[in-house]
Student: 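My questions will all concern the structure given below.
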There are 2 protein chains.
Amino acid sequence: MSKDENEKISLAVVKRLPRYYRYLGDLLEHGITRISSGDLSKKMGVTASQIRQDLNKFGCFGQRGYGYNVEMLYDEIKKILGLDREYNMIIIGAGNLGQALANYPNFRKRGFKFIGAFDKNPDIVGKTAGDVVIMDISELEPFLKENRVDIAVLSIPKYNAPKISPILVENGVRGIWNFSHIDLNTPDNVVVENAHLTESVMTLSYKLSELEKNNKE
Amino acid sequence: MSKDENEKISLAVVKRLPRYYRYLGDLLEHGITRISSGDLSKKMGVTASQIRQDLNKFGCFGQRGYGYNVEMLYDEIKKILGLDREYNMIIIGAGNLGQALANYPNFRKRGFKFIGAFDKNPDIVGKTAGDVVIMDISELEPFLKENRVDIAVLSIPKYNAPKISPILVENGVRGIWNFSHIDLNTPDNVVVENAHLTESVMTLSYKLSELEKNNKE
DNA sequence: TTTCAGATATTATTATTTTAACAGAAAAAC
DNA sequence: GTTTTTCTGTTAAAATAATAATATCTGAAA
């Protein structure tokens, strides 16, 4: 590797990696074995320079005069993203969204494995979400003590999240995928990725408003 | 307004607005009528400078020596985000995720109104998602010709998305909330907001890997 | 072999974004 | 009232990020 291993990679770069990964997967599916940053940039609508710089942060994966080997690069990004292992996941809040996630088959394919689901609503406790039976939320803590849980999906109303979050943290959960409309306060040894759908749709409505504003002018 | 109306606001700023909006909503709920950028910055964990600069892009909403009036600022951001109107939405792909979104009551509260849902799976056509009956995908085009649809939620497998997207565009849909794992090519008069959950969870697994890497050192 | 186009790694430049600084207006204190 | 403090809008500086430029390496064809 050409770069300082300890150099902190910016989130902007990291957030682009899954997209590269997706495009490389598509290329693989189409049997394309090599690609240059220039060609990839045309496909993706970004500058070739950015692609080269982004990848170069993690190592020298390309070859001058040749480009990048698709399969090799795909595997490298897979490793960088931590997709070369399995994650045990649980769902907290097995409502509509929680169940939708549990039923989504692609997660399992990528190594994200649901091993439990919890809810406080007695009407759905006992039913299944994906492969797992929904347990009562009171069983969460004992479950955590008996099972290694890497990621908790938090899809509960915002006012409940601050109660649940510490239980997760204290029992060894190190990753939280947060769909609740609240910012979690977690210690440094826990990582949170927010998936705030409401904020996403608000961004869309902003863009729509801008569009209409410009049309009127 | 202090600024050039035509100045293009960067997406980075826009993406922060919903979060301000959420915090202001919380303040309102707690009966707090005024707040300074400094106090808000402590709550939100961002710099006061950024808050002032962000807000100032849209107007002079604050008052020296006083701060910001919570309710007034809340309403202003609401307007900026285009949340002071209703949006007619449809769901394309009423699988687990589509149904979860249709059933989420907060959308309606915010003015996002589902008026239709479509799927090609005959097993679910005829069932209801939220308030609407799921129609066969063949009815999409006639539906669009008869109803004003502002936003289409695209939650279908990626290989179907390129077929559907032009139908939406040609029939007047101007906003697409894209959950499909593909980048849509749409003309300038259409806006797309991607909600790529897979990319989000990959970012989480990256963060987890970094965490573990640092622990080992 | 040698040459040369192709393509990267890397450095330099430019643009954007964030943070800091501060003058001045309003509110609060006295 | 007057003074002091608060707190914004705005300008300036610093830090990041994106783009462009370039030196260098590779592989293949002549």
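Residue numbers begin at 1 in each chain, while the letters A, B, ... track the order of the sequences.
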Student: Kindly state each residue pair satisfying side-chain hydrogen bond (donor to acceptor under 3.5 Å, both in side chains) with at least one member in residues 161-170 of chain A, sequence neighbours excluded.
Tutor: N160(A)-K163(A)

Student: Would you mind reading off the distance between D39(A) atom CG and dT8(C) atom C1', rounded to a whole angstrom?
Tutor: 14 Å

Student: Given atom CD1 of I51(A) and atom C1' of dT8(C), what is their separation to the nearest angstrom?
Tutor: 13 Å

Student: Mind checking side-chain hydrogen bond (donor to acceptor under 3.5 Å, both in side chains) for K78(A) and listing every partner two or more places apart, or none if nothing turns up?
Tutor: none

Student: Testing T33(B), I35(B), D26(B) one by one against V70(B) for a side chain to side chain contact (heavy atoms under 4.5 Å, CB included), which residue passes?
Tutor: I35(B)

Student: Identify, with sequence neighbours excluded, every residue that meets side chain to side chain contact (heavy atoms under 4.5 Å, CB included) alongside L211(A).
Tutor: L208(A), R174(B), V191(B)

Student: Taking only heavy atoms on the protein side, list every residue of residues 67-82 of chain B lying under 4.0 Å from any atom of DNA chain C, sorted numerically.
Tutor: none

Student: List in chain and number order the residues that pass side-chain hydrogen bond (donor to acceptor under 3.5 Å, both in side chains) with D84(A), two or more places apart in sequence or in another chain; answer none if no residue qualifies.
Tutor: none

Student: Starting at CZ of F61(B) and ending at C1' of dT10(D), how long is that distance when rounded to a whole Å?
Tutor: 16 Å

Student: Between dT17(C), dT8(C), dC7(D), which nucleotide has the shortest distance from any of its atoms to the side chain of S36(B)?
Tutor: dC7(D)

Student: Sort and list the pairs that fulfil salt bridge (Lys or Arg N to Asp or Glu O under 4.0 Å) and have at least one residue in residues 101-118 of chain B, not counting sequence neighbours.
Tutor: E86(B)-K113(B), R108(B)-D131(B)

Student: With nearest nucleotides of DNA chain D determined for I35(B) and L11(A) from heavy-atom distances, which residue corresponds to the more 5′ nucleotide?
Tutor: I35(B)

Student: Give a yes/no on whether any side-chain N or O of N56(B) is located under 4.0 angstrom from OP1 or OP2 of dT10(D).
Tutor: yes

Student: Just the rounded figure in Å: distance from P of dA18(D) to NZ of K15(A).
Tutor: 14 Å

Student: Quick test of your reading: applying ring pair (Phe, Tyr, Trp, His ring centres under 6.0 Å), list the pairs with at least one residue in residues 192-217 of chain B, sequence neighbours left out, ordered by first then second residue.
Tutor: none

Student: Please name all residues satisfying side-chain hydrogen bond (donor to acceptor under 3.5 Å, both in side chains) with S37(A), sequence neighbours left out, ordered by chain then number.
Tutor: R52(A)

Student: Does the pair E210(A)/K213(A) count as a salt bridge with the N-to-O cut at 4.0 Å?
Tutor: yes

Student: I'd like a list of close polar pairs between nucleotides 20-22 of chain D and the protein, N/O only, cut-off under 3.5 Å.
Tutor:
{"residue": "dA20(D)", "atom": "N7", "partner": "S49(A)", "partner atom": "OG", "Å": "2.6"}

Student: Could you tell me how far apart Q50(B) (CD) and dT16(C) (C1') are, to the nearest whole angstrom?
Tutor: 13 Å

Student: Could you pull out the protein-nucleic contacts involving nucleotides 27-30 of chain D (nitrogen or oxygen on both sides, under 3.5 Å)?
Tutor:
none

Student: Tell me: CG of L40(A) to P of dG6(C), nearest whole Å?
Tutor: 19 Å

Student: Please list, chain by chain and in numerical order, all residues satisfying side-chain hydrogen bond (donor to acceptor under 3.5 Å, both in side chains) with T198(B), sequence neighbours excluded.
Tutor: H181(B)

Student: Please give, in whole Å, the distance from dT16(D) P to K8(A) NZ?
Tutor: 13 Å

Student: Tell me every residue that passes ring pair (Phe, Tyr, Trp, His ring centres under 6.0 Å) with Y68(A), counting only those two or more places apart in sequence or in another chain.
Tutor: none

